[in-house]
Amino acid sequence: MEPLYDPAGVERRWQETWEAEGLYGAGAGRRRDQSFVICIPPPNVTGELHMGHALNGAMQDVLIRWHRMQGFDTLWQPGYDHAGISTQNVVEKQLVAEGTSRQEVGREAFVERTWDWLERTGRTIMGQYRRLGASVDYSRERFTMDDEYVRSVMTFFVRLWERGWIYRANRIVNWCPYHETAISDLEVEHVEKDDTLYRIVYPFAEGDGGLTIATVRPSTLLGDTGVAVHPDDPRYAHAVGREVIVPVVERRVPVVADVRVEPEFGTGAVKVTPGHDPMDFEIGRDHALQTLTVIGPDGRMVADGFEGLTQQEADERILAWLEERGRLESREPYRHSVGTCERCHSRIEPLVSPQWWCRMDELGAPAIEALRERRVRFHPESQHRFAIESLEQAPDWCVSRQLWWGHQIPVWTCENGHQVSAWPPPEACAQCGSGALERDPDVLDTWFSSALWPLATLGWPDETPELDRYYPGDVNVTAREIIRLWENRMIFSGLFLRGEVPFTDVIITSTILAADGRRMSKSLGTGIDPMEPIEAHGADATRYGLLKISSTQDVRYSVGAIEEGRKLANKLWNVARLILQQTEGVEPETRPSALEERWILARLDAARAAVEEAWSRFDFSAATSVLYHLTFDDFCDWYAEAVKSRLYDGDDDARSTALAALERLLALLHPLMPHVTEEIWSHLPDRRGRLIVAAWPEPDDAHADTLTALDRVQEAARVFRRSGVRVELEGEEEQRIFSAVVRPERQSAAGDAEAERERLRTEIGRAEGMLANERFVANAPAEVVEGERAKLERYRRELELLGA
RNA sequence: GGGCGGUUAGCUCAGCUGGUAGAGCGCCUGCCUUACACGCAGGUGGCCGCAGGUUCGAGUCCUGCACCGCCCACCA
């Protein structure tokens with residue numbers, strides 16, 4: 001064992017060994033019947049590991065390893081998401097770069113090409129999880145486009161169809177003109193944009209004058225079928241019920257009154273374009289206005305006389321028309337937020353189109369109930385409330401996408417117009433028997449299949465042994481923005497299909513920001529590849545650092561925290577060297593004969609309890625801190641220093657117990673820093689098994705009475721080191737430990753006794769002041785007052801020793 | 001426009017049900033003490049965002065304010 005711990009070779013070796021020996025597999029090392037299950041949030045097949053993955057991977061691995069050591073039948077289920085729009089986007093861009101296009105190659109070839117590409121370059125993340133030391137059951141990797149998985153998705157859809165919860169409706173949706181598909185509200189990203197606000201006069205059809213409306217999109221006026229004002233707006237009371245003429249197209253449209261109009265904004269009169277604006281769509285519907293489509297699926301104009309023009313070209317033509325006639329009252333700069341596609345950043349085009357919808361009322365209700373009853377708990381608590389609210393307010397789910405990469409919707413229409421949904425694909429129409437069936441070309445929303453992840457990965461809808469054993473699972477770890485997209489949908493899907501929630505706890509992780517507080521993003525150049533710190537400092541150090549900074553709020557990335565982890569690994573490595581060098585031929589055995597031995601056993605048990613408590617609360621940061629101080633302060637600086645000379649002297653009790661104590665320390669640290677602990681473990685004498693499946697330390701309060709035994713020694717050490725004054729200690733053992741740890745004969749500097757006296761005088765003054773306050777003595781709890789008296793006593797005693 | 005969170009040592013952050021401020025890093029001073037200089041010991045450093053209130057006592061509870069984030073939202 002070299003003095004400097006080098007994680008590079010060690011970590012890879014253990015990662016390969018654990019996996020090769022089947023210790024990552026479901027059920028490895030199980031010693032009890034209970035299961036503990038986590039499904040990895042399936043990353044995009046095309047993606048790479050980022051800090052968020054590394055953090056949530058570290059959290060999940062700590063929980064999995066901890067439960068595995070406790071003997072649970074653990075399963076950490078891995079896999080990938082096909083990520084419909086995202087993957088299609090990547091492949092489409094490749095085609096464009098090659099001078100062709102999706103449309104040109106056709107659907108079948110496009111899908112084939114996507115598969116080819118994934119075979120070659122997809123699925124990189126699981127390799128990176130391996131490098132993190134994530135003890136995932138890699139042999140069970142699933143993909144949402146696997147045949148078996150497809151069958152689950154199709155069955156889910158058919159079940160919903162049979163309940164009558166799937167319907168088709170022509171509504172206004174968020175349309176991405178680049179991908180030419182509908183996307184959900186949740187996939188729209190709002191960004192600030194500088195635009196121009198135009199004020200345009202719409203003359204009354206009868207009589208003089210007109211209404212001035214404000215718009216940033218003149219081209220949409222081609223689709224105007226009304227003008228709306230607020231019913232209580234006195235400025236326009238005279239106009240309601242009359243008609244105005246839409247410029248350019250010279251169409252007569254009614255002026256309607258609607259409360260959705262904001263009188264304060266613009267001119268207080270709004271043009272109504274039901275075909276291209278969500279609010280206008282509703283106003284139009286409620287006032288029986290016509291819906292005209294003037295912009296096509298590709299974002300270009302389809303209005304008469306404007307066919308094929310871009311919107312900007314149409315804008316210019318319309319503005320010129322208006323200016324010629326003096327109908328353009330003004331133009332002013334205007335900054336507002338516009339919806340963009342989160343994948344390609346195209347400006348979203350609200351369009352009316354026929355889509356498949358899933359009713360949410362009956363589907364969502366059991367999930368809301370489960371959350372209220374806390375059968376599923378989100379952590380932190382604020383996210384629990386958010387999850388409930390999101391479900392309560394969830395609009396019907398648009399499940400169709402006009403993409404090619406994904407699960408094609410299992411709905412067929414026969415020649416007589418009957419629709420049937422079934423899986424496997426039906427031979428004939430259920431109503432008329434016709435065999436001429438045509439399948440709906442749309443695919444399902446990616447999240448539709450993700451919703452099934454905890455079930456489909458275990459073989460649902462088949463009654464597999466795995467499903468029986470591992471469903472429902474226990475914990476899910478993910479980011480905040482995924483709650484509505486994924487978490488809630490897994491919950492209602494699990495309840496609908498299986499009658500049970502898929503897990504009991506959802507951990508919402510921090511977003512890791514760059515060190516300067518900005519988001520980590522590729523485009524900003526602020527992203528840091530987790531493989532960097534892993535290569536530089538080790539996976540153990542990286543896990544430690546990420547968990548140390550983790551919190552319930554957003555956190556800034558910190559190399560310092562990772563370096564701290566590296567130091568901890570090195571410290572552990574060296575104290576193990578100390579013990580191992582002095583214990584050749586010795587068996588680990590708990591035989592405490594001296595105070596420092598009983599004390600460290602008590603400290604180890606106290607830390608065990610504290611760590612269990614923190615991990616149970618999913619407070620990974622607190623657990624990290626406990627383990628750090630246990631190792632550095634208790635184990636190395638006090639216990640090891642105190643026992644060192646006895647090890648050198650060949651004290652058998654000291655040697656056996658040192659090995660036993662080291663074993664416990666390694667076990668406690670293993671879930672957090674698996675590699676260095678397993679490596680040291682392998683150097684312990686007569687290793688039969690691996691630490692990864694070794695038993696988690698049992699509670700042991702045999703020496704709890706010694707927990708405070710070193711307090712006096714430590715205080716005496718502080719006084720001596722500060723002042724050079726030696727405090728008399730009662731007890732032979734205490735004196736021995738003091739000498740062994742402090743080694744007063746080596747004290748070089750004399751210490752500043754006067755400074756120490758001054759500090760004590762200040763403390764005494766403060767304590768006396770408090771105790772002189774009769775209201776404090778009367779009202780404060782007895783133990784607080786008592787504590788203050790005790791402190792005062794101690795300060796006075798120490799001052800006396802310093803020869804005040 | 002709603003909702004949530006934050007503001008504590010130079011930096012990054014802990015501080016649970018109120019008891020008189022902590023950690024790591026940084027900086028300064030000693031130490032190459034036969035496990036570790038990726039170490040040991042000691043030290044410097046804080047009107048706990050601002051203003052009120054409750055209390056014997058307030059980073060900790062209440063009210064208001066000021067900044068800073070994040071999420072959500074149909075203001076043309």
Side-chain angles (χ1 to χ4, degrees), chain A residues 1 3-5 172 185-186 190 197-198 213-217 220 228 260-262 264-273 277-283 334 336-337 339 350 380 382-383 385-386 389-390 393 480-481 483-484 511 513 515 517 519 537 541 548-549 551-561 563-564 566-582 617 619 621-622 625 628-629 632 636-637 640-641 644 647-648 717-718 721-722 742-743 745-749 751-752 755 766-767 769-770 773-781 783-785 787-788:
Chain A
M1 292 175 83
L4 188 62
Y5 173 66
I172 195 152
D185 290 349
L186 305 176
H190 292 270
L197 187 67
Y198 303 96
I213 59 86
T215 182
V216 290
R217 303 182 63 192
T220 62
R260 280 164 287 207
V261 176
E262 177 57 62
E264 305 300 319
F265 186 85
T267 62
V270 59
K271 67 196 233 8
V272 182
T273 322
D277 182 276
M279 185 178 86
D280 293 6
F281 182 77
E282 287 179 21
I283 294 177
Y334 180 57
H336 63 150
S337 83
S382 57
Q383 303 302 335
R385 294 193 300 273
F386 173 70
E389 282 165 24
S390 303
Q393 293 161 13
R480 213 170 25 226
E481 62 265 27
I483 291 175
R484 300 191 305 171
T511 301
L513 306 172
R519 252 191 129 68
H537 306 293
K548 179 186 165 145
I549 64 173
S551 159
T552 55
Q553 58 178 96
D554 291 352
V555 295
R556 295 185 184 202
Y557 178 73
S558 157
V559 194
E563 287 167 349
E564 189 179 311
R566 188 191 61 197
K567 288 179 183 176
L568 176 57
N570 192 248
K571 189 72 177 173
L572 190 63
W573 178 252
N574 277 292
V575 79
R577 286 177 64 226
L578 165 69
I579 292 173
L580 287 167
Q581 281 166 11
Q582 302 302 326
R617 292 190 345 250
D619 186 344
S621 182
S625 170
Y628 179 90
H629 291 291
F632 268 85
C636 295
D637 295 345
E641 291 300 334
K644 202 190 274 185
L647 293 179
Y648 293 149
R718 263 193 298 274
R721 284 161 173 164
R722 272 202 285 252
V742 179
R743 299 212 262 180
E745 73 281 2
R746 283 181 165 274
Q747 176 91 353
S748 53
D752 189 343
R766 188 183 53 73
M770 276 180 79
N773 181 343
E774 56 201 34
R775 288 195 294 184
F776 169 71
V777 178
N779 295 322
E783 55 190 59
V784 174
V785 179
E788 212 49 48

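Residue numbers begin at 1 in each chain, while the letters A, B, ... track the order of the sequences.
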> Is a side-chain donor or acceptor of S621(A) paired with a backbone partner of I549(A) at a separation under 3.5 angstrom?
no

> Suppose you measure atom P in U63(B) against the same atom in C71(B); what distance do you get, rounded to whole Å?
27 Å

> Please report the closest heavy-atom contact between A640(A) and L578(A), naming both atoms and the distance.
CB-CD2, 4.1 Å

> Counting any heavy atom closer than 4.0 Å, what does R480(A) reach on the DNA or RNA strands: base, sugar-phosphate only, or nothing?
sugar-phosphate

> Rounded to whole angstrom units, what separation is found between the CE atom of M279(A) and the C1' atom of C75(B)?
7 Å

> Under 3.5 Å, is there a donor-acceptor pair between the side chain of N574(A) and the main chain of P3(A)?
yes

> Which part of the nucleic acid, if any, lies within reach of Y557(A) when heavy atoms closer than 4.0 Å are counted: base, sugar-phosphate only, or nothing?
nothing

> In whole Å, I'd like the distance from the CG atom of N574(A) to the C1' atom of C40(B).
13 Å

> Counting only Watson-Crick or G-U wobble pairs whose two distances fall under 3.5 Å, which nucleotide matches A21(B)?
none

> Heavy atoms from C-beta onward define the side chain here; which of A14(B), G42(B), C13(B) lies closest to that of R722(A)?
G42(B)

> Which part of the nucleic acid, if any, lies within contact of L4(A), taking any heavy atom under 4.0 Å across all strands shown: a base, the sugar-phosphate backbone alone, or nothing?
base

> What is the nucleic acid contact for R484(A), judged by heavy atoms within less than 4.0 Å: base, sugar-phosphate only, or nothing?
sugar-phosphate

> If you measure from the P atom in C67(B) to the same atom in C28(B), how many Å do you get, rounded?
39 Å

> Output the rounded distance in Å from CZ (F632(A)) to P (A35(B)).
17 Å

> Where the side chain of C636(A) is concerned, which of A35(B), C71(B), G42(B) is the nearest nucleotide?
A35(B)

> Regarding M770(A), tell me which of base, sugar-phosphate or nothing describes its non-hydrogen contacts under 4.0 Å with the strands shown.
base

> Report which part of the nucleic acid S551(A) touches: base, sugar-phosphate, or nothing (heavy-atom distance under 4.0 Å, all strands).
sugar-phosphate

> Can you say whether the rings of F632(A) and Y628(A) are parallel (under 30°), tilted (30 to 60°) or perpendicular (over 60°)?
parallel

> Return the 5'-most residue of the pair V216(A), Q383(A) with respect to RNA chain B, ranking by each residue's nearest nucleotide.
Q383(A)

> Taking atom P of C36(B) as reference, at what distance in whole Å does atom CG of N570(A) sit?
10 Å

> Just to be sure I understand the rule, does D280(A) reach a base, reach only the sugar-phosphate, or reach nothing, if contact means heavy atoms closer than 4.0 Å?
nothing

> Got a donor-acceptor pair under 3.5 Å from the side chain of E641(A) to the base of A35(B)?
yes

> Starting at atom NZ of K571(A), determine the distance to atom C1' of G39(B), rounded to an integer number of angstrom.
6 Å

> Report the residue (V777(A) or Y5(A)) whose heavy-atom-nearest nucleotide on RNA chain B is the more 5′ of the two.
Y5(A)

> Quick one: H336(A) NE2 to G1(B) P, roughly how many Å, whole number?
18 Å

> Suppose we define a pair by two distances each less than 3.5 Å, Watson-Crick or G-U wobble; what does A73(B) pair with here?
none

> Is the glycosidic torsion of G57(B) within 90° of 0, making it syn, or is it anti?
anti

> In whole Å, I'd like the distance from the CG atom of L197(A) to the C1' atom of C75(B).
11 Å

> Does T273(A) offer a backbone N or O that forms a donor-acceptor pair with the side chain of D277(A) under 3.5 Å?
no

> Looking at G42(B), A76(B), C4(B), which one has an atom nearest to any side-chain atom of R721(A)?
G42(B)

> Does R566(A) make a side-chain donor-acceptor contact with the base of C38(B), cut-off 3.5 Å?
yes

> Base, sugar-phosphate, or nothing for K271(A), non-hydrogen atoms under 4.0 angstrom?
nothing

> Return the value, rounded to whole Å, for the distance between atom CD of E563(A) and atom P of C38(B).
12 Å

> Using the P atoms only, state how far A51(B) lies from U8(B), rounded to an integer number of Å.
15 Å

> Over all strands shown, is E262(A) touching base, sugar-phosphate only, or nothing at heavy-atom distances under 4.0 angstrom?
base

> Looking just at side-chain N and O atoms, do K271(A) and T220(A) make a donor-acceptor pair shorter than 3.5 Å?
yes

> Go through G24(B), A41(B), C56(B) for me and flag the one nearest to the D637(A) side chain.
A41(B)

